[in-house]
Every structure is written in structure tokens, then in C-alpha cells.
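In the text below, chain A, chain B and the rest are named by the order of the sequence lines, each starting its count at 1. Just so it is clear, the values below take in all heavy atoms, side chains as well, and ignore hydrogens, waters and symmetry mates.
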Amino acid sequence: MGIRIRAHKIEVDTEKGTYGVDLRYKTKGLTVIRAENSQGKSTILNSIIYALGMDAIVTAKHNSYLPFAVRKEIDTENGILPVLSSRVFVEIENDSGEIRTIVRQIHDENINYFKKITCFDGPILTAEKITSHSKQDFHVRESGSATQKHGFHSWLADFIGIELPEVEKYQGSNTPLYIECLFPLYFIEQKAGWTNIQNTMPNHYGIKNAKTRALEFVLGLDIAKTEKQLREIDSHISQIKQDWANEIESTNKLCQAVGAIAEDIPPTPTNSWPPTPSPIPVIDNGTGEIERLSDYIEKLVHNLDELETQTIPIIKDSINSLEESLRKKENELLKLEATIRLSNSLVEESEENIALMEQRLISIQEDIAQTSDVLILKRVKGNAAEHLSRDVCPTCAQSYDGTLLTQSNGIAMTPEDHLSLQKEQKKTIILMLNNEKRMLEAKSLSLKERRKDASRIRNEIQILREDLVSDGRAPSIEAITKRYSLKSRIGELQSTAKEFRLLMARFGDLATLYNKRLADKKKIKKGLSEMDSKKLNRFSELVREHLILYGFKSFAPDRLDLSPITYHPEVDGLDWYYDASASDNIRAIWAYTLALMELSQEFSLNHFGFVIYDEPRQHSAKKDSLRSFIEKASKIGEAGKQVIIATSEESVEIEAAHKGSTWKLINYGETEKTLSLLSE
Amino acid sequence: MNILKLISNTKYVYTERPTPVAGTLRTEWRCAIILLILDTVCRKKKSSLFKLHLFNWSLKSNDNAQIVINILKGEVKPYVATIRFDPYLIRALMYLISTNLINRVGSESFSLTDLGQQIAGEMLSDDELFIREKYMLSSLKAGEVSEAHISKLFKVGSRGH
């Protein structure tokens, strides 16, 4: 787990040849780059960050933080020359010894897309012989760079050998902890890097407590896992709540089918089941009064028994009442049929709307797929993008907007904007479609009910007519049918009551599961594990050791401890850096970042194994502090880690410190530019 | 309040808003599709203008694709659909000629250049790109997409067939 920077090259093409630097770093140990201020130290170090696509820790904009010399004009011994194109190469190695060379364009007059990183499979800069290597293109600093197959940062995480944890965003959703969020611990930038620990944390990702999350990950604390477990349990609990709501819905449906209502079902899972009052089905008994379903069934059974004791009447005796009923039923049927015609046309209208919207949805989805292809093409597909996606017409060299339409149609929307517009439209259509579907369901349901009613009445009319035209001495079919339908209604209600009991058992299961998860949640020990505390104690010990070594003066270092919440140093429970002197600020950042790396030798951490320091322009730490810092860094480095320091300390001083030591010194003379002529 | 006065005293500023353009009308999409057609369903990477029009129309939507597949497989007659001859196809072809990705052969045929073939190959091997389009093109057999077969199917008066 980890990476080292083996070599690094900047190429700046001008009309008078290629300028740049070509450096080798110690992969196990310390490399010091010494140059006067404004000779281009930061150019060198920032370009490493740029090549790794970590520019987010410096700026939200494109390459603007890289100096003029690599993107506009370069000051050379041949005078000031305009930059035609420029790029940076970085050769990296991971712990398994795999070597890759990555290239990123900084400036090019002919292209304006710099979010592409090309990765060569092997050492390009340090290879003795030139051999060909397979290459792959990635995109960076775009949505998906950290998650998609072609995203550079998802590749980089694989290469380093880490799996980034899921963390919570301010809006509540989860996101992987972006690799850029770890870099403020590995790269101390010249300007913002020295104000505070992890000061260059990019905040546009909206990650909640990003600094703490990053430290927890780098320190490999168990507390991060505990938090994850808690989140998992929470999501299971909300799943149970969802299932509960679904069961309520099916219970309601079951009851509604026979005209009953389920009463007293708690809307959310309960601690014990059955709850009091326990849920029961109730029903309108036909007179507008609500009654328990079981009581109602009993009553119907009683009615049926009573009917069965009576003899079936013969037609002759009831001819008047039969005629009266027939007239009533016929009227009822006429009204009902009119309503059916109306609801039928409503259903048809609804179906037509749905068909239209579905068609529109399909065409939007197709357009989204096609526009996405355009974007993928533009993004990383080397040759294809270069030839198919141009800003100027290949024939007349005038600028054009990338569409086949006549150019007088106004400005064309960029594919990115078009895609987000279509996605919004898709959302709207889906919303409308679901709404319409729900309405259709309701309409069809009521139509179905009406039709059922109509057919029942028709049946009754037929029976009445049959009775009226048949032999006066025959038994009344109407009376027989009445008994029969009462019997079948009883059967229907009884099976509903049985089904209802089964559903209640399911609620019981869910309640048990819910209580179990709640108990699990309580069992998880919140806070730091034993190992966590051990690590953090040793960490603060190391920070104190380093502080003493570098001559920290603002407080007695033994008053300093690590905050159990932010893991940053604090004095008597308070932030220290407001009160510390500027030079002590620098010492504290040296101490914290270097101690973190030293800690990774004693414990298993997720540390990448390198730190880069770009010394502040107005550095104010004393010479002997810097000297002890360099010695310490070199010592930690020799044990297998990489440290790169850029400084403007006087040449003589550095040379003196370097005498007899093992670290590597790259020293630029007082008037020597870091970017020099590489080839004519 | 005098509304008329208020309105006439107000300065108006008009900003031109960009108009949405469908994916199929973007140069990258259309040109990429033409390269794929020439590379996958054309013998010697060469095609007549009519065949390009036919496949160009077929790749615009799933429905179109299904119709063309059915026609070429002989399952339905060509007159079931109106195949649109899209004028933008010509623009895309012009673009491809001037970027040296295709050549014009004779009066009505076009063929891939080496560079065009290379790009088509890259796009074919990328499994994130043009998934649906590549599937459609690969679901046809060589005989079903030959120029002779197509011109026989679409010959005027071939209704009886």
C-alpha cells in the first residue's frame, strides 16, 4: 500500500527548443531541492500534483495555479519565448514494484481539454533503453473520475492498493472519500498549506467533516468501521420500516376488496406485537354502522340460518312485490350504464396519455444515451476525440459549435448542458407518468366495480323476469338466489378474516426483526477501540518528540495532546494555532505530517508513504530547526518512506548540512533557472 | 401607478439562450456512427450513399433499428416504413472527407481511410461506447447487408417480390 515518485519531467515547447526539468528522486529517503525564491521550485512541485490530478487541493479552476512559465511565456537565456505547448510526466511506483508513467498536458494552443491523463505501462523517464509501452487514457476532475472505469482516480486508488471508504455528505447521501481529500496530508502547498493542518482540503465535494474522515482513514481507525456498521444497521432499520408500510398497504387492499377497513394498525414498527389495542378489521353493516368483521360474519350466519328455516315462497303469492322490484332494478341499471360509459371514456383518455408519455420517455432516454456517447467520445477516446471533436471547421477553419445544424440557428447548447436538461425532463416525465398511472389504476378500479354492480343487477332482473313469466305454483328463484348469495358473501368474508390473521403474523415477524436491529445498534460500542487509542497515544507522543526536536516554543510540548474529535493537536483542549507564532506553526505542521508517516512504520496505517513539503516563501523557522527537520526526515525516509522538500535556504548552509549525509540534494545556483533547455 | 409609463421607462436586455441540440445532430455522434457503419457492415469498408442513409436512419432509435433489421432479414416488406433521407448525413460525410477519415469513391460511394479504420477499431473495442448501435449492427449477417441484397429489396416495383 503506497506509492513513490521515481522521476519527474516538465517539457515546455517553444520555437527555440524544449525547456524544462528532468529530475530523479530518492524513493527511499529524502530529496531536497534548493533554489532561490521565484526560481521555480513551486512550479516543479505543483506540477507533480497537477500530473496526479490533485489540483483540487490547490484550486477549483484549471491550471491557473501553475505559473506563467509553463503555460504562457517562459523567460530563457534566449529572451522571453511564448509557450507553444507544455506537459508534465511523472513516473510512479507502487509497493509491488509496478511502475507507471503518467502524462498530463498543461498547455497546448490547439486543444482546450486538459482533463485527460495518459498512463504508460512502465518506466518512460528512467528506462535506459527506449521500449514501447502500452498506454491508456483516463479522465480526471470530472464527475466519475473517482468511480468510473476510465476515471484516473479510481485507477490510482487501485494502483496504490487502497479501497476508499464510503463517507456521508452534507445532503445525507453517501460518496466515496475522494483521494484528493487525503492529499493535504501528503503535500504541503507553499501558500495555503502552512496555515493549518490539512488546510488545503477541497470542500466542493460536500463531505461532512472531511478532514476528520481523511485522518480516520489514513490512521486506519476502527471507529470508521464502527460508523459504517451503524450506518448499515440504520439502513436496515429503514428497510424494515419500508416493509412495514408495504404490509399496511396490502392489508388495506385485502380489506377494501370486501368493503372492510383495517383499524388500529400502528403506522411504524412497534416494540411489542400485538399492540394494544390490537388491529382488527371492521365493516359497514349496510346501515351505515361500523361493526367488527367477526361480529358481522356471525350476524350473517345467523340470518342465513333463519332464512333456511323458512319455506321458499311460491310466485303466485308475491307477484306484486316482484313487479315493484323489477321496475326499481331496471331504473338502477339505466343510471349505472350511463356512469359506466362516462368512466370508460375517462379510462381510455388516461391510457392514451400514458402511451404518449411513454413514447416521449423512450425518445428522451435514447437522446440521453446518444448525448452521453458524445461526451464519452470527447472525454478520453484519444484518436476519435481528436479527429471527430473539433472546435473549428476542418475545411474553412472557422469556429463552429460541434453540431450539424446550420450555424445561423443561434448558439447550440453544450452536450453537458443538454444532458442535464434531458435528465431533468426525464425526471419530470417519469413523475407525470407515475401520477397518470396511479390515476388510471383508480379509474379502472372504479369502472370494474361499476361493471360488477351492473352485471349483478342484470342477473337479478333476469331472475325477476323469469319468476314473473313462470308457472305461478313454482318456487321463487329470487328467494333461492338470495340465500345463495348470502352464503357466498359469508365465505368471502371468512376467507378475508383468515388472510388478515396471516398478515398480522407477518407484522409480528417484522416487529421482532426491528427490535433485534435496535438491540444490535445499542450493542455497538461507540467511540475509539483499544487499538485506536493505542495508535493515537503513540501519535501524540511522536508529535511531541518532533516538536521538541524542531525547537517548538509557543507552549511546553507536553501540554499538547490530540483532540479525540478532530485528531488535531490541541493545548488544554483548545486549538493552538491562533496563539502559536508563525514559525511554530511551520514546526507543528512538520511535526504532525512527519510523525504521521513515522507512525505508519509502527502500526498498520493507510499512509501512502510519501510527503512533499513546499517551503513557505517567507519562511521563518530558524536554520537549526530546518536542519533537525531535514535530519529527521532523512532518517524516517531511509526506513522506506519518501520525503521531498523544497527550500530556499542559503546554498552554503544546505551544502554544509549535506556533507556526510545520505540524502539527495538538487541544488540550483543563485541565478540558475530550474527550467533549462532540454533539447533544441 | 401608470403601467404604460413604467414599461416604457424600463430598459430591456435580451440574452440569447443556447438551444438544445439532440445527440444525433452532433458532429461527433453522427461521424462516429458513419465510421462504425462503414467498418462493420460494409464489404471492403466501402458503401453506397443509399446504404449509408438506410443505416443512418436505422441507428436513430430502437424502433427504426428493429424495422430495418426486419426488412433486411426479409421478414417484412420495405414499404412498411418511410426511410428518411437525412440531409445532415451529407454534412457529416463532408466533415469526414475533410478530416481525412473517409474517401469519396466514384460519384455515390464512400470508403474508410486507414485513419478512419483505426478510429473505428478503437471505438469498437471500447465497451462503454455505442452499446446499442454496435449491437444493432452486429445482429445482421454479411449476406443481409450486401449492396446487392439491399438494392434488390428496395428496387422500385419490388412490392410483388
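- Contacts of B:Leu25 with chain A are made by both backbone and side-chain atoms, with heavy-atom separations under 4.5 Å.
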Table please: side-chain donor-acceptor pairs of residues 29-40 of chain B below 3.5 Å, with sequence neighbours left out.
unit_1: B:Arg30; atom_1: NE; unit_2: B:Thr24; atom_2: O; d: 3.0
unit_1: B:Arg30; atom_1: NH1; unit_2: B:Asn56; atom_2: OD1; d: 3.3
unit_1: B:Arg30; atom_1: NH1; unit_2: B:Asp86; atom_2: OD2; d: 3.1
unit_1: B:Arg30; atom_1: NH2; unit_2: B:Thr24; atom_2: O; d: 2.9
unit_1: B:Arg30; atom_1: NH2; unit_2: B:Asp86; atom_2: OD2; d: 3.2
unit_1: B:Asp39; atom_1: OD1; unit_2: B:Lys45; atom_2: NZ; d: 3.4
unit_1: B:Thr40; atom_1: OG1; unit_2: B:Leu36; atom_2: O; d: 2.6

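- Scanning residues 358-372 of chain A against chain B with a 4.5 Å heavy-atom cutoff picks out A:Glu366, A:Asp367, A:Gln370, A:Thr371, ordered by number.
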Give the intermediate values and the outcome of side-chain contact (heavy atoms from CB on, under 4.5 Å) for residues B:Asn64 and B:Leu59.
-> CA-CA 7 Å; B:Asn64 291 6; B:Leu59 292 179; over 6 Å; no
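- The closest side-chain heavy-atom distance from B:Lys46 to B:Glu147 is not below 4.5 Å.
- The heavy-atom pair separating A:Leu375 from A:Leu419 by the smallest distance is CD1-CD2, 3.5 Å.
- Between A:Asp121 and A:Arg100, at least one side-chain N (NZ, or NE/NH1/NH2) sits under 4.0 Å from a carboxylate O, which counts as a salt bridge.
- Atoms CZ and CD1, on A:Phe159 and A:Ile102 in that order, are 9.0 Å from each other to the nearest 0.5 Å.
- Residue B:Ile97 does not touch chain A at all, counting heavy-atom pairs closer than 4.5 Å.
- Side-chain atoms of A:Ser85 and A:Asp13 form a donor-acceptor pair, as typed in the model, at a separation below 3.5 Å.
- Neither the backbone nor the side chain of B:Asn100 comes within contact range of chain A; no heavy atom of the residue lies under 4.5 Å from a heavy atom of that chain.
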